[in-house]
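Here's the structure we're looking at; comments come further down.
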Amino acid sequence: MFPLDLLSGAEPSASPDSPLLAHLNEEQLAAVTLSAGHALILAGAGSGKTRVLTTRIAWLLQTGQATPAGILAVTFTNKAAKEMSARLSAMLPVNVRGMWIGTFHGLCNRLLRAHHQAAGLPQSFQILDTQDQLSAVKRLCKQHNVDEERFPPKQLQYFIAGCKEEGQRPGDVAVSDPDTRRKVEFYQLYEEQCQREGVVDFGELMLRSYELLRDQPHLRAHYQRRFQHILVDEFQDTNRLQYAWLKQLAGDEVEGRMQAHGSVIAVGDDDQSIYAFRGARVGNMADFVREFDVQRQIKLEQNYRSFSNILDSANALISHNSRRLGKNLRTTQGPGEPVRVYEAHTDLAEAQWIVEEIRQLVKNDGFERQEIAILYRSNAQSRVIETALFNAAVPYRVYGGLRFFERAEIKHALAYLRLLENPHDDTSFMRAVNFPPRGIGARSIELLQDAARSSGCSLSDAVTAVPGKAGANLGAFVAKIEVLREQTQGKNLRQIIEAVLDASGLIEHYRNEKEGADRIENLQELVNAGESFVTQEGFGRDAVALPLDEHGQALRQSPVSQGLDPSLPVLDEVLPVLQPQGGIVDIDTGETLSPLVAFLTHAALEAGDNQAQAGQDAVQLMTVHASKGLEFDAVFIGGMEEGLFPHENAMNDSGGLEEERRLMYVAITRARKRLYLSHSQTRMLHGQTRFHIKSRFFDELPESALKWITPKQQGFGTFMPQGGGGYGSAGYGGGRGQGGWGGKTETFASPPVPPQKAAPGHGLSAGTAVFHNKFGEGKVLAIEGTGDDARAQVNFPRHGTKWLALAIAKLTIVD
DNA sequence: ACTATCCGCATTTTT
DNA sequence: TGCGGATAGT
């Protein structure tokens, strides 16, 4: 099967001065060239972590220690996953598609689609994002007359998500009090609802695929054998379930020790663990070392980002934390400028000082605006700063707004699209049924829900049971969807979306709305998104789900593998296949996910870009959390006050202060050249002026690296309370979350576009009658893609409409 | 069904 | 202070 001998014994064949390894420092080199076995890499801020990770993969491939199919690299964000793929393909002429590089949720999705039957899901299951989940919870609350005072939907949602993150099904939750019992009951009901509707939430994606691996020995064996090299990014941010999931893939646990097949490399930084509040467990690092019997720990402490005054400050600060694995950043750069500290009288004066400093930086020191960031602990702090920037006509951009796929108008359009795919998706039904308004009010909905409940069916199916005018309106809506479904048969994604926008009346509705122009523009952008999703290079590629025997061995090879780069050794089993729409191909039947389902999945899993767009010439405003992983020439951290930073709410639970300190550590280490800290004696908070003393973190910084700036004696002019703040929400930089979705500039070279093969003479076109071994006779509705990508949408009278990969499906033309 | 108004609430957030 | 959600009024 795979070359075991290569993995266990043989020395790497690449010479140490291979160009791949050039310019790596000693610790980086050690990490990159680790021989087989588990390892923990403590990667300090700015230590070249991503570089090490990607070079490691490249080195494994180049030295023949691994094949693309044997690698699993998992990250938290799509951005990180994309960056890894991009850098990798810039390094090696490697087929990135063969590798499983993605987010936890993205990879879980892939597993579940490929093995949907074993996982007990429809292949086209839809994914609920946090908004969808909340509306599903609310709907369920209403249906079961839950006292929403005692059990706020938000809290129930939080409870459910929390349980899943801990790997707990309703039956696993320890019930200590009546309230918890009620919540667990609700959790149970929620699960049943999701299952009935064929939808999964983010937590479910993780939990379900964990259970899949846990409960299906042959699948587990298969993937364990396949993934000889597992690499985990930001390991300090993993929650309990994610770690458990990784363990399933890595090997079997015997008496608390992992009997692993390949090797697991966990990369993380305990000092940058700032997500405990959402279930991240730094303790996973220690558990990993113990359970995997990790022999190698490498610290990446050489920092390539900041001058030493900044670094010294970070080191000194974080040394006040007790529970640390221990790490100290160093640099070969000089001290640089001192860290400037400013004490303002009011929050407004603080903001004005920041703005003034920024103007100086740009004017006198040649700093680029997009290389300057203003960081704060909580979003509310941005307001004053925005005002000041706006008044000074300094372009800026705020992060943290709604992302593309989260916008209301987009969610509405997606709801229609989802209903086309699955009429029983009640969440989407509820969203679409009366938007745009079509005379279906709360009363009608209530009747419908009652009907659905009493007959145990979906809202869509219950429509016929509603009498009178309400029933007629509802019937018209369902009919409209059905007609639309008919009409879009055989249409491509772009045409489907256009049809939905038209038939739903969404465009029409927004045309009549005074603020609707932006929304229409976004809806147009959705059409483009659909278009590029199918056409463009660079979207998620997925795997062929091969039939496996009871030992997890593949029963058959994928014929598609023959079309791939022959120079790369290919593992048996699950092989990559070109599926621009990111589909999964069932090798038995050739069935692929419809482009629409793939697109909807993409929309749920990747809400759109929120991150920096290069060359925007705008000062960057964001929370400290949002700044993690980024770097800037100059960084301002405002609101350095007791109660704000460290935040008062964080001081309750144990470890709260330490997490705040790590947060501050993250903030400091974002800066390359200049760091400015400021605090204000007075601050408008919740409508009241509050007095704050300066943050204790100042006392933890080295006096020698700081330079205190006292405010100049100012006249009243500077202290003027803001009168009539009648500026629009759109700031100079375009306001929050401006169009990040399509056509962004890539920081790294995009993967080489493989030459398009000429379409093989499959001789199919719309209308052709074909025969399939399993599905019988059918009629071709549409063809998409070329070469190995080509797939046909075929309507089988008995099995419905399916997308089939022509490279795999055995279709014969019937005359 | 849509708008006006009032009340309560206010770290951090990716998938 | 300023927002979102829920309610009451047309």
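Chain letters run A, B, ... following the sequence lines, proteins first, then strands; residues in each count from 1.
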Specify the separation, in whole Å, of atom [atom1] of [X] and atom [atom2] of [N].
X: Gln688(A); N: dT1(C); atom1: CD; atom2: P; answer: 9 Å
X: Leu128(A); N: dT14(B); atom1: CG; atom2: P; answer: 18 Å
X: Arg281(A); N: dT14(B); atom1: CZ; atom2: C1'; answer: 20 Å
X: Leu630(A); N: dT14(B); atom1: CG; atom2: P; answer: 12 Å
X: Leu205(A); N: dT14(B); atom1: CG; atom2: C1'; answer: 13 Å
X: Leu112(A); N: dT15(B); atom1: CG; atom2: P; answer: 18 Å
X: Glu165(A); N: dT13(B); atom1: CD; atom2: C1'; answer: 11 Å
X: Asn512(A); N: dC2(B); atom1: CG; atom2: P; answer: 13 Å

So what does [X] touch, heavy atoms closer than 4.0 Å: a base, only the sugar-phosphate, or nothing?
X: Asn78(A); value: sugar-phosphate
X: Gly203(A); value: nothing
X: Ala604(A); value: nothing
X: Ile440(A); value: sugar-phosphate

Rounded to the nearest 0.5 Å, how far apart are [atom1] of [X] and [atom2] of [Y]?
X: Gln133(A); Y: Glu204(A); atom1: CD; atom2: CD; result: 10.0 Å
X: Leu474(A); Y: Leu448(A); atom1: CG; atom2: CG; result: 5.0 Å
X: Asp425(A); Y: Arg418(A); atom1: CG; atom2: CZ; result: 5.0 Å
X: Ile374(A); Y: Leu389(A); atom1: CD1; atom2: CG; result: 4.5 Å

For a quick test of reading the model: is some side-chain N or O of [X] closer than 4.0 Å to OP1 or OP2 of [N]?
X: Arg438(A); N: dA1(B); value: no
X: Arg278(A); N: dT15(B); value: no
X: Arg443(A); N: dA1(B); value: no

Check: Do the rings of Phe429(A) and Phe477(A) sit parallel, tilted or perpendicular, given the 30° and 60° boundaries?
Finding: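 If you compare the ring of Phe429(A) with that of Phe477(A), the planes turn out perpendicular.
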Margin query: Between the side chains of Glu700(A) and Arg696(A), is the shortest nitrogen-to-carboxylate-oxygen separation below 4.0 Å, so that they form an ion pair?
Written below: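 Result for this pair is no, no salt bridge flagged.
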Check: Less than 4.0 Å between a side-chain N and a carboxylate O, is that true for Arg139(A) and Glu148(A)?
Finding: no
Check: Does the gap between the ring centers of His412(A) and Tyr510(A) come in under 6.0 Å?
Finding: no
Note to self: Rounding to an integer number of angstrom, what distance separates dT12(B) and dG5(C) when you compare their C1' atoms?
What the structure shows: 22 Å
Notebook entry, point to check: Using the C1' atom in both, what is the distance from dA6(C) to dT11(B), to the nearest Å?
Noted result: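 Going atom to atom, C1' in each nucleotide, I get 25 Å.
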Restricting to nitrogen or oxygen on both sides, can you table the protein-nucleotides 6-12 of chain B pairs closer than 3.5 Å?
unit_1	atom_1	unit_2	atom_2	d
dT11(B)	OP1	Asn649(A)	ND2	3.2
dT11(B)	O5'	Asn649(A)	ND2	3.4
dT11(B)	O4'	His647(A)	NE2	3.4
dT12(B)	OP1	Asn379(A)	N	2.5
dT12(B)	OP1	Asn379(A)	ND2	2.9
dT12(B)	O4'	Arg377(A)	NH2	3.1
dT12(B)	O2	Arg377(A)	NH2	2.7

Check: Side chains of Thr75(A) and Glu83(A): closer than 4.5 Å at any heavy-atom pair?
Finding: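 In short, these two side chains do not touch, never coming nearer than 4.5 Å.
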Note to self: Heavy atoms within less than 4.0 Å of DNA chain B: which residues of residues 129-136 of chain A have one? Give them sorted by number.
What the structure shows: Thr130(A)
Check: side-chain hydrogen bond (donor to acceptor under 3.5 Å, both in side chains) with Glu606(A): which of His105(A), Lys79(A), Lys82(A)?
Finding: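 Going through the options one by one, the only one that passes is Lys82(A).
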Margin query: Could you check dT11(B) for me: syn (within 90° of 0) or anti?
Written below: syn
